[in-house]
Amino acid sequence: LEDMVWAADSRTIFYIRQDPQTLQSGPVYRHLRGTDPKDDVLVYDEPDKTLFTSVGHTASREFIAIWVTGFATTELRTVPMAAPAAVPTLALPRRAEVRSYADHLHGRWVIRTNDGARDFRLMQAAEGQLADHANWTELVPARDGATIEAFALFSAALVVQERVDANARLRVLPWPAADARDAFLVPADEPAFAMEIGTNLDPALPRLRYRYDSMVTPNSEFDVDLATGARTLLKTRPVLGYDRAQYESARLWAPSRDGKRIPVSIMWRKDCYLRDGTAPLYLQGYGAYGHSYDPQLPREALSLIDRGFAFATAHV
């Protein structure tokens, strides 16, 4: 059993069975609470087993979302949450080399797509217009040097998770127009950091839950007010014996052989690290498949850092 989601009747569950041998994301089934699982109904089975299937719901809680995703394509089928026995509708057809991810709130679809935008842009479509991309209009255009990684819909604002200069950051665009002139960035406290949209179950709330990491700050949960930008720290993951005040971090840029600039995040202990070129350095990096390590507190290396090492992550 993998993903599962309730329908609006609180009696119907949509879930995915994992293939017991290949562990591949299997077909989507529908179960009615109180009935024998042997009688569960097959809702959708993706014939291309190189793709992955997942199930969830839209922000509006109006649709069950059945996603089929691959390295170079996506597809969305929907079932009304109020009519769980309905046949799934092909809401967002797959197109070769196009990845599009959609969510729904207040009669509007918002789509993150690489169609015409290598680093993604946000489009919008009216109710019933999602399937035909010719009916989409641009909401947040692509920008040089910025990759749109995710978004979240709220009644008060659109939140965009974007990567700029190797930092994953959050931008808040208030409705109704989601005008970039009214946008603000969620503040960060260090030069190298990573923010990630957290679990936000109620789009009517006036605040966003998000996660924050840096080289010197342990993983933390924050709320940010969508109107004022005021932050509230909710929880920081404890690190035994760690004192944040004893450490510093910086962002450096290293030249590569092909002329690119590689961002490097580095941290050290203030009273142990000699900044004269003689101190040892522990360097890590990863960059395959378009993924890179984000700046995070290196718990496993703190004993080295406390002995005079600097610790660095190259975001290749």
Side-chain angles (χ1 to χ4, degrees), residues 3 5 54 56-59 67 101 103 105 110 112 119-120 122 140 146-174 183-240 242-245 247-251 263 265-267 284-287 289-302 311-315:
D3 297 345
V5 62
S54 60
H57 56 68
T58 60
W67 281 102
Y101 309 88
D103 202 358
L105 185 65
V110 174
R112 181 175 75 96
D119 291 329
F120 290 89
L122 295 186
V140 178
T147 299
I148 297 178
E149 297 185 327
F151 69 92
L153 301 180
F154 292 84
S155 298
L158 166 67
V159 179
V160 179
Q161 180 178 313
E162 60 185 18
R163 188 173 295 270
V164 176
D165 290 336
N167 287 331
R169 67 187 193 183
L170 300 178
R171 192 155 56 110
V172 178
L173 296 93
F184 65 86
L185 292 174
V186 176
D189 300 316
E190 288 94 17
F193 62 90
M195 298 179 186
E196 183 181 19
I197 296 171
T199 300
N200 295 273
L201 300 179
D202 186 356
L205 291 177
R207 58 186 178 273
L208 163 76
R209 177 72 47 85
Y210 72 96
R211 290 182 288 273
Y212 181 89
D213 280 287
S214 81
M215 298 293 286
V216 294
T217 301
N219 181 264
S220 302
E221 295 273 342
F222 282 87
D223 276 352
V224 60
D225 189 289
L226 295 172
T228 68
R231 294 179 297 165
T232 302
L233 175 62
L234 303 177
K235 182 179 180 180
T236 296
R237 181 180 175 185
V239 178
L240 187 63
Y242 177 73
D243 180 2
R244 163 70 177 81
Y247 302 86
E248 288 185 338
S249 68
R251 167 60 57 78
S265 300
I266 184 170
M267 74 165 292
Q284 68 171 4
Y286 184 82
Y289 309 106
H291 294 281
S292 178
Y293 289 147
D294 276 326
Q296 291 183 325
L297 177 69
R299 295 173 178 81
E300 73 285 356
L302 284 176
F311 184 93
T313 299
H315 309 288

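All figures in this text were calculated on a predicted structure; none of them were measured in a lab. Residues: numbered from 1 along the sequence shown.
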Search all heavy atoms of [X] against all heavy atoms of [Y] and return the closest pair with its distance.
| X | Y | value |
| --- | --- | --- |
| Phe311 | Ala301 | CD1-CB, 3.5 Å |
| Asp223 | Tyr210 | C-CE2, 4.3 Å |
| Met267 | Pro298 | SD-CD, 3.3 Å |
| Leu226 | Phe154 | CD1-CG, 3.7 Å |
| Pro203 | Ala59 | CG-O, 3.5 Å |
| Arg163 | Glu149 | NE-OE2, 2.6 Å |

Looking at [atom1] of [X] and [atom2] of [Y], how far apart are the two atoms once the value is rounded to the nearest 0.5 Å?
| X | Y | atom1 | atom2 | result |
| --- | --- | --- | --- | --- |
| Gln284 | His315 | CD | NE2 | 9.0 Å |
| Arg244 | Asp189 | CZ | CG | 8.0 Å |
| Glu190 | Glu248 | CD | CD | 11.0 Å |
| Thr236 | Leu297 | OG1 | CG | 11.0 Å |
| Ile197 | Arg211 | CD1 | CZ | 9.5 Å |
| Met215 | Arg251 | CE | CZ | 9.5 Å |

With the threshold set at 4.0 Å, does a side-chain nitrogen-carboxylate oxygen contact exist between Asp213 and Arg237? no
Check this for me, if you would: do Asp225 and Arg207 make a salt bridge, where the nitrogen-to-carboxylate-oxygen distance has to be below 4.0 angstrom? no
Okay, side chain of [X], backbone of [Y]: is any donor-acceptor separation there less than 3.5 Å?
| X | Y | value |
| --- | --- | --- |
| Ser214 | Val216 | yes |
| Asp3 | Ser54 | no |
| Ser220 | Pro218 | yes |
| Asn167 | Arg169 | no |

Test side chain to side chain contact (heavy atoms under 4.5 Å, CB included) applied to Leu170 and Val224, step by step: CA-CA 10 Å; Leu170 300 178; Val224 60; 6.0 Å; no
List the steps and the verdict of side chain to side chain contact (heavy atoms under 4.5 Å, CB included) for Asp103 and Val110. CA-CA 6 Å; Asp103 202 358; Val110 174; 5.6 Å; no
Could you give me the CA-CA distance, side-chain angles and deciding distance for Lys235 and Glu221, then say whether salt bridge (Lys or Arg N to Asp or Glu O under 4.0 Å) is met? CA-CA 5 Å; Lys235 182 179 180 180; Glu221 295 273 342; over 6 Å; no
Is the shortest side-chain heavy-atom distance between Gln296 and Ser265 below 4.5 Å? no
Assess whether side chain to side chain contact (heavy atoms under 4.5 Å, CB included) is satisfied between Val186 and Tyr212, documenting all intermediate values. CA-CA 11 Å; Val186 176; Tyr212 181 89; over 6 Å; no
Answer yes if the ring centres of Phe151 and Tyr101 are under 6.0 angstrom apart, and no otherwise. no
For a side chain to side chain contact (heavy atoms under 4.5 Å, CB included) check, start with the C-alpha distance between Asn200 and Leu205, then their side-chain angles and the critical distance, and finish with the verdict. CA-CA 9 Å; Asn200 295 273; Leu205 291 177; over 6 Å; no
From the options Ile148, Leu185, Val159, select the one residue that forms a side-chain contact (heavy atoms from CB on, under 4.5 Å) with Arg171. Leu185
